[in-house]
Trainee: 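One structure follows; several queries about it will come next.
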Amino acid sequence: MKITKIVSFQLDWGEPGRPGAEAYGGRAAFVRVETEDGLFGLGEASPMEGGFVPLTIIARRMAPFLIGKDALDHEVLQEQLLHKLIKLGPEYAVTSAIAALDIAFWDLKGKAFNQPVYKLLGGAWRTAMPCYASIGGNAKRSVDEVLRAVEKRVTKEGVKAVKIRWDADRTNIDLDLPGDIAKARAVRKLLGDDFMLGFDANNAYSVGGAMRVGRVLEELNYDWFEEPVQHYHVSAMGEVAQRLDITVSAGEQTYTLQGVKDLINAGVRMVQPDPIKMGGISGMRQCAALAHAYGVELVPHQTQPSIGHLANMHIMATMMHLAKPVELNSDWERASLVFKNPSEPTNGVLTVPAGPGLGAEYDAAEMERRTIPIA
Ligand code: CA
């Protein structure tokens, strides 16, 4: 399966005359890998700042290396690229580029063998999975506004699990602990005792602040407490995890398998690497093996509504121990601008497509119309 062409491009989620803002998630970062037999696979990189950093690395450095190689050798080729370009920084720039390529290669392999990716990975434990509504931007909302935002998502999607995210300014910590606690209490009261709840601090606390909030989350029976302190303070993250009873999670800003191991060794018992930031499907399989070996939970982070989401679903379908739902971010509806099988939940449940590869079905003309090539 000789690779003949690799195109990296942004997909503009905006409207005519109002293009999606690169810096604010208005563009997805995609890659398309084509082979000599006329097949192609689609992959997605993390869309930070429009994803132009990984997309440019793919276009300028990775594509020339890959053209003419065998797509079925992709794990070897990806390791060669990682080690060739590692001085660009394994955090995000190179790892997200490789993640996008890996997803495209798995999509391609699925099409070549006419099987869904989860079959090529050894089979699914389940192809229908509950999702949780991941609801961001709550630092700036009042208690009442938080409740309205939660109600809206729960009513529309029928989910049985919710995560409230803070998304506060990362240069300030412990800004409003009583306010954050009041919102956590109000959401528990609104949804009742049996609802699965996650609290995502988005790195907003000191260790002391995290302990204070974490104790209340334990009292309120929250199911997990995500990224309480800065992600780069790995030992502090581990300290909070070890001192609290509630499950503390982290890892969406971890870009290597070794980084995930460091988090686990520090004391984190639920890791959340992201398939479009590190390793793609192959990388998540390695993380799953690592988490299984240590007996910790792996719950991939994934906020994009189309290709990244489908890749995540195929991965999660193949994981034996899975105690948490699939993440479903807000604005998932925009995927339907291009994709025919968007991430739409039915009574809080998502189904993995059974078509070949990732099973993505889309309007090719609309995809073309929204394409912004990266050279
Ligand atoms: Ca998070």
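These values consider heavy atoms only, across backbone and side chains, with no hydrogens, waters or symmetry-generated copies. Numbering of ligands and ligand atoms starts at 1, following listing order.
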Trainee: Quick one: report the N, O or S atom of E252 that is nearest to the Ca ion (ligand 1).
Mentor: OE1

Trainee: Between F113 and K111, is there a cation-pi geometry (under 6.0 Å to ring centre, at most 45° from the normal)?
Mentor: no

Trainee: Quick one: report the N, O or S atom of D200 that is nearest to the Ca ion (ligand 1).
Mentor: OD2

Trainee: Please find out if the Ca ion (ligand 1) and some N, O or S atom of E226 are separated by less than 3.0 Å.
Mentor: yes

Trainee: Closer than 3.5 angstrom, by distance alone: can the side chain of E361 be matched with the main-chain N or O of K340 as a donor-acceptor pair?
Mentor: no

Trainee: Tell me whether K156 forms a cation-pi arrangement with W332, defined as NZ or CZ under 6.0 Å from the six-membered ring centre and within 45 degrees of its axis.
Mentor: yes

Trainee: Look only at the side chain of S249 and the backbone of V271, and say whether a donor-acceptor pair between them is shorter than 3.5 Å.
Mentor: no

